[in-house]
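Notes follow the structure.
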Amino acid sequence: MPEYTGSPAGTGHRVAVVVARFNETITHKLLEGALDALTRHGVAFDDIDTLWVPGAWEIPFAARRALTSDRYDALVALGAVIRGDTPHFDFVAGECARALSQASADLDLPIAFGVLTCDTMEQAEARAGGAHGNKGWDAALAALEMADLFGRLDAADEG
Ligand code: INI
């Protein structure tokens, strides 16, 4: 029975990173983590485009537009939605996640979800290069693994 596992091998892959400016102290650290992961795993600097958008709400639109350009093999979405005490959180975080999942399914391309959804700024800091690692790094590796996995399946179909 064939079994396939992707590895985060970035050589030759073109990757878009869409990052929200809202809560930029956090998202900038997520971006640093993602770029570090991509380049350490072989993605060339020239094969990475970073697209800044105002907030997490705008990420899915930018992701769709980027992926329909046929320029990228995978996309990394980065943002930080922090609950504070506003119900705005639920709309922004929920819709961002739902629409990214829909875009990935519709466009048949991997989108990694590096959008933090936290109750407090401290929780976000812990996940942006703090005690809980860097979710930007993790998302970048997930994007590469998915691109590699389906590259292998396509190669198996052709072979
Ligand atoms: N955008 C975020 O990325 N994070 C948040 O925590 C956030 N909150 O809490 O409001 C947020 N709002 C802005 C939103 O993403 C849009 O940019 C804005 O509504 C304009 O469309």
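We count ligands from 1, going down the list as the structure has it; atoms in each ligand are counted the same way. As the structure is a prediction and not an experimental result, all values here were calculated from the model.
The contact set between ligand 1 and Val92, taken as ligand atoms under 4.0 Å from a residue heavy atom, comprises 15 (O). The contact set between ligand 1 and Ala80, taken as ligand atoms under 4.0 Å from a residue heavy atom, comprises 2 (C), 3 (O), 4 (N), 5 (C), 6 (O). With ligand atoms numbered from 1 in the order given, ligand 1 contributes 14 (C), 15 (O), 16 (C), 21 (O) to contacts under 4.0 Å with heavy atoms of Trp57. Against a heavy-atom cut-off of under 4.0 Å, Asn23 is close to the following atoms of ligand 1: 4 (N), 5 (C), 6 (O).
Under a 3.5 Å cut-off, the side chain of Asp148 and the backbone N or O of Ser7 do form a donor-acceptor pair.
Note that Arg83 lies in the cation-pi zone of Phe89, set by a 6.0 Å cut-off to the ring centre and a 45° limit from the axis.
Side chains of Asp119 and Ile82 form no contact here, defined as non-hydrogen atoms less than 4.5 Å apart.
Test Leu107, Asp73, Val18, Asp108 against Leu67 for side chain to side chain contact (heavy atoms under 4.5 Å, CB included) and you get one pass: Leu107.
Under the 30°/60° scheme for interplanar angles, the aromatic rings of His41 and Trp137 are found to stand perpendicular.
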Practice task
Using the salt bridge (Lys or Arg N to Asp or Glu O under 4.0 Å) rule, take Asp49 and Arg14 through it: C-alpha gap first, then chi angles, then the decisive distance, then the call.
Solution key: CA-CA 8 Å; Asp49 289 339; Arg14 297 162 305 163; over 6 Å; no
Exercise for the section: Go through Glu32 and Lys29 one step at a time and tell me if the salt bridge (Lys or Arg N to Asp or Glu O under 4.0 Å) criterion holds. Expected result: CA-CA 5 Å; Glu32 280 178 354; Lys29 290 181 190 160; over 6 Å; no
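The nearest heavy-atom contact from the protein to atom 10 (O) of ligand 1 is His88 CD2, 2.9 Å. Of the protein's non-hydrogen atoms, the one nearest atom 16 (C) of ligand 1 is Glu58 OE1, 3.4 Å.
Counting heavy atoms closer than 4.0 Å to ligand 1, residue Ile82 contributes backbone atoms (N, CA, C, O) but none from C-beta onward.
Looking at Phe61, Phe22, Phe89, it is Phe22 that brings a heavy atom closest to atom 5 (C) of ligand 1.
Some N or O of Ala56 is nearer than 3.5 Å to an N or O of ligand 1, by distance alone.
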